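Everything below concerns the one structure shown next.
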2 protein chains.
Amino acid sequence: MFISKTSEHALRILTYMALNYETQLSARNLFEELQIPKRYLMRLLTDLSKSGFIKATRGRSGGYVFARSLDTIYFSEIIDSVEGLLPFEGCVLGSSVCPVDKPCAMHQIWEKPKQTFLETLKTTTLADLRSGKNIRLQ
Amino acid sequence: MFISKTSEHALRILTYMALNYETQLSARNLFEELQIPKRYLMRLLTDLSKSGFIKATRGRSGGYVFARSLDTIYFSEIIDSVEGLLPFEGCVLGSSVCPVDKPCAMHQIWEKPKQTFLETLKTTTLADLRSGKNIRLQ
DNA sequence: ATTAAATAATACCTGAAAGTATTAATTTAT
DNA sequence: ATAAATTAATACTTTCAGGTATTATTTAAT
């Protein structure tokens, strides 16, 4: 729950790569480290290439490295590219159930933690993991 | 996402019932108000009966009323009975991926909003909806 | 007694996400 | 040139939450 398994995998892949961004990593390397189902992992890597986060080198000594600077890749963008951020931005009970003029019972309960979560996602980059800089919490 | 559709339905059912707790409501009544798929709604009502939140009266003038006082029913208990609270209490990337001694990349990001959310769930009852008392946000 | 209107139990269906399989394309080492 | 090691594309399979269908049971009005 909370985030899809696919987003979960994507985050694990990219955060691991971020902590080792100097080195090109192959699908095999990542599989050994992350234990994400191999074929699924390979597909996700291709997806992440297409999305422009990483770039692939094919052929015998191929593998993946980041296509962009780490400090430009926000956690929000990663989730957004995989499953979209919209579901996180609406109310827990969905926007149709929770119109602005008559908020649902969960609205207040969810509003604050949601904002905190989204804010952090939108202000934290992969570079923040490396720098050891404390991740901003609110 | 975030909470399952089934929890979503359960919350909508119980919060609506809470705002009308004086009156016995049938599945038909609730269907007309909530537009949850009829047969699914009926099954959920049976589940909520078994869980002890509401009690059913069968037969011609049957329907549902609360089985317990509203101020004893916490939002956390509702979600817990439907899908369990555990997934909400662990880390975003799952506890196997995020061991205590080596927290995952998302751990810090999620920790604070998670606590706020859970705290509110655990301290808010259905009675708080009726009383109009401001729901505690942190 | 019969019928209508309600809940209960249980088995089945469906669509989408997660995961697998197969084959093609690319590159480098030999 | 050939083979080995990699990524790419695409189609297939599996699983499960969400939703349906069917039939049984209970109760009250007539």
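Proteins come first, then strands; the chains are lettered A, B, ... in the order of their sequence lines, and each starts at number 1. Every value quoted in this text rests on a predicted model; they were computed, and no experiment measured them.
In summary, A:Glu119 and B:Lys112 do not engage in a salt bridge, as defined by a charged side-chain N under 4.0 Å from a carboxylate O. Using a 4.0 Å cut-off between charged side-chain N and carboxylate O, A:Glu89 and A:Lys122 make a salt bridge. Looking at B:Lys38 and B:Glu32, no side-chain N of the basic residue comes within less than 4.0 Å of a carboxylate O on the acidic one, giving no salt bridge.
One interatomic measurement links the two molecules: CD of A:Glu83 to C1' of C:dA17, which rounds to 11 Å at whole-angstrom precision.
Few gaps surround CZ on A:Phe117; more than 12 heavy atoms of other groups in view lie less than 6.0 Å from it.
Separation of atoms CZ (B:Phe53) and OG1 (B:Thr72) is listed at 9.0 Å; rounding is to 0.5 Å. B:Leu126 contributes atom CG, which lies 6.0 Å from atom CG of B:Leu14 (distance to the nearest 0.5 angstrom).
Applying a 4.0 Å cut-off to non-hydrogen atoms, the residues of residues 13-38 of chain A that approach DNA chain D are A:Ser26, A:Ala27, A:Arg28, listed by residue number. The stretch residues 40-53 of chain A comes close to DNA chain C through A:Tyr40, A:Arg43, each having a heavy atom under 4.0 Å from the strand.
Nearest heavy-atom pair across B:Ser69 and B:Asp71 is OG-OD1, 2.7 Å.
Taking side-chain N and O atoms only, A:His9 has no distance below 4.0 Å to OP1 or OP2 of C:dA18. For the pair B:Ser4 and D:dA17, the criterion of a side-chain N or O lying under 4.0 Å from OP1 or OP2 is not met.
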Using a 4.0 Å cut-off on protein heavy atoms (strictly under), produce a 5'-to-3' string for nucleotides 23-30 of chain D with B for base contact, S for backbone-only sugar-phosphate contact, and - for none. --BBBBS-
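B:Leu48 and B:Tyr74 fall into different hydrophobic clusters, where Ile, Leu, Val, Met, Phe, Trp and Tyr residues are linked whenever their side-chain heavy atoms come under 4.5 Å apart, directly or through other members.
Considering only heavy atoms from C-beta on, A:His9 stays 4.5 Å or farther from A:Leu41 through its side chain. At a threshold of 4.5 Å between non-hydrogen side-chain atoms, the residues B:Ile78 and B:Leu121 do not count as touching.
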